[in-house]
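In listed order, ligands and their atoms are each counted from 1. Positions are given from 1 along the sequence.
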Amino acid sequence: MTDLHLPLDRSAGRLAAQIAAGFRAGVRSGRLTAGTRLPSSRDLARDLAVSRGVVVAAYEQLTAEGFLVARRGDGTRIAPLARPDDPPPPPPAPPAPAVPGARTPVDYDLWPGSPDLAAFPRDRWLAAERAALRALPDDALAYPDPAGALVLRTELAGYLGRARAAHTDPARVVVTNGAAHALSALTRLLRADGRTVLAVEDPASARQLPMLQAAGVRLVRVPVDGQGIDVAALARTDARAVLVTPAHQYPTGVVLSPDRRASLIAWARDADGLIIEDDYDAEFRYDREPVGCLQGVDPERVVLLGSVSKTLAPAIRLGWAAVPPPLAARLRTHRLHTDLGTPVLPQHTLAEYLRSGGYERHLRAMRRRYRARRDAFADALRRHVPGARVHGVPAGIHLYAELPPGCDEERVVARASRAGLSVAGARPLWSPGRAAHAPPALVLGYAGLEEGCLVKAAELLGQAVAAGARG
Ligand SMILES: Cc1ncc(COP(=O)(O)O)c(C=O)c1O
């Protein structure tokens, strides 16, 4: 007879249910195959030292569920039918796509956008989560305030005031799932208000453009030069809202100059415009204190967006918008009508992490780490990639390296990839019209590699650049 492997825990009771569960597991795992003949209820009862009624009940249950078939004269067998709760077999996996240029595994990940993920403060985050959960009243586990937990909005208002010279209070802060979410929600509200044209810097983050397009606004691209966005060019567009990265333009790394800051605010006042300030990595400035945010200059005309994606980890998906109170109320309603708010426990965890001072301590440590990495990398690029020019100020977690004239950006990226380097070309970040004239450049994220690795990566990049020179 088939060895049925039906472990029973007599102290747990419900023996018929346990026998039935054992059979189901055997069928699902494929151990008991269709057509297998089962022992009679009398024999099985004896083997298992249970009453016959227990086995009869289990067999009846399994027959009703379709696992077993019982025929007079043929005994009881495992059903030949498809198993009732079996998922259909998965389709065969498609063959892995061929990788052009047979890319070797990445040894040096310089793809921009991530902080040092190995530095995520796991223990401190866990401690903050424990403390938050312990203190969380039961009521807080109901549907949350769609604008965000008051405790987090309060902590964020304090932090943004201290660290970014923002003008905030809890009523102006809306918690979101990253800055991307705030941007998507906000753009939809703007469109509903008739602000259907949004000005965006050129170049800009390739990650954000599809989100903005999906929100149904028309994008106009406004060039960026060594002082930041060209406000005179902005004023010539029909946009009444603009998305900017004043503290550290993405990707070029320039800081919006004091004159441009003033003229941008003047534009907003004259044109009844709204400035959306993406403050994505402003905590990291290495040559001086970060420039205060624009929102602090005119909180009625500027919306400040931020998140923990560059300071802790993008996977946390926690961000915020500091907005004028009427817009905060509308964002809150938008959340109520679209997703009922951000998960509560991570909000309380971040609030606790801020309250304890841990977040700002972490930022100080990361600032030291990233400054050392940037210095080492920029220096190594100067030595190993002659003719390359690093743009912008020492800040953030990426740098923009213009390649020597005559370099073919795509070829350099492909060569680098074959050498085990993951790097992003800058061309996709420009509008099609300007991309054709933009000097070849790379956007290099350095936060996740130690200095020694960055020096080696610069050396390999130098070889890729030499090989990628045209002609
Ligand atoms: C310019 C810019 N701002 C902000 C973000 C961060 O978005 P989030 O906070 O949703 O992670 C990114 C992400 O790549 C970005 O490129």
Find all atoms of ligand 1 within a distance of less than 4.0 Å from any non-hydrogen atom belonging to [X], and give their numbers and elements.
{"X": "S205", "value": "1 (C), 15 (C), 16 (O)"}
{"X": "K310", "value": "12 (C), 13 (C), 14 (O)"}
{"X": "G178", "value": "9 (O), 10 (O)"}
{"X": "Y280", "value": "3 (N), 4 (C)"}

Report task. May I ask you to check whether R335 and T342 show a side-chain donor-acceptor distance below 3.5 Å? Result -> yes
Query raised in the report: Can you find an N or O of P314 that's nearer than 3.5 Å to an N or O of ligand 1?
Result: no
**Report entry** Minimum non-hydrogen distance to atom 14 (O) of ligand 1, winning option of H181, R207, Q208
**Finding:** R207
Top protein contact for [atom], by heavy-atom distance:
{"atom": "atom 11 (O) of ligand 1", "value": "S309 OG, 2.6 Å"}
{"atom": "atom 9 (O) of ligand 1", "value": "S307 OG, 2.7 Å"}
{"atom": "atom 3 (N) of ligand 1", "value": "D278 OD2, 2.6 Å"}

Check: residues 255-273 side-chain donor-acceptor pairs under 3.5 Å, at least two apart:
residue: S257; atom: OG; partner: Q227; partner atom: OE1; Å: 2.8
residue: S257; atom: OG; partner: R260; partner atom: N; Å: 3.2
residue: R260; atom: NH1; partner: D225; partner atom: OD1; Å: 2.9
residue: R260; atom: NH1; partner: G228; partner atom: O; Å: 2.9
residue: R260; atom: NH1; partner: I229; partner atom: O; Å: 2.9
residue: R260; atom: NH2; partner: D225; partner atom: OD1; Å: 3.4
residue: R260; atom: NH2; partner: D225; partner atom: OD2; Å: 2.8
residue: R261; atom: NH1; partner: G292; partner atom: O; Å: 3.3
residue: R261; atom: NH2; partner: G292; partner atom: O; Å: 3.0
residue: S263; atom: OG; partner: D259; partner atom: O; Å: 3.0
residue: S263; atom: OG; partner: R260; partner atom: O; Å: 3.3
residue: R269; atom: NE; partner: D298; partner atom: OD2; Å: 2.9
residue: R269; atom: NH2; partner: D298; partner atom: OD2; Å: 3.1
residue: D272; atom: OD1; partner: R301; partner atom: NH1; Å: 3.0
residue: D272; atom: OD2; partner: R240; partner atom: NH1; Å: 3.3

Report task. For the pair Y353 and H362, name the ring-plane relationship: parallel under 30°, tilted 30 to 60°, perpendicular over 60°. Result -> tilted
**Report entry** Stepwise ring pair (Phe, Tyr, Trp, His ring centres under 6.0 Å) test for H248 and F284
**Finding:** CA-CA 9 Å; H248 190 222; F284 300 127; over 10 Å; no
Query raised in the report: Non-hydrogen atoms of R317 versus ligand 1: any pair closer than 4.0 Å?
Result: yes
Report summary line: CG (D169) and CG (L160) are apart, to the nearest 0.5 Å, by 11.5 Å
Requested in this report: Applying side-chain contact (heavy atoms from CB on, under 4.5 Å) between E201 and each of V222, D230, L243, T245, report the one that passes.
Outcome: T245
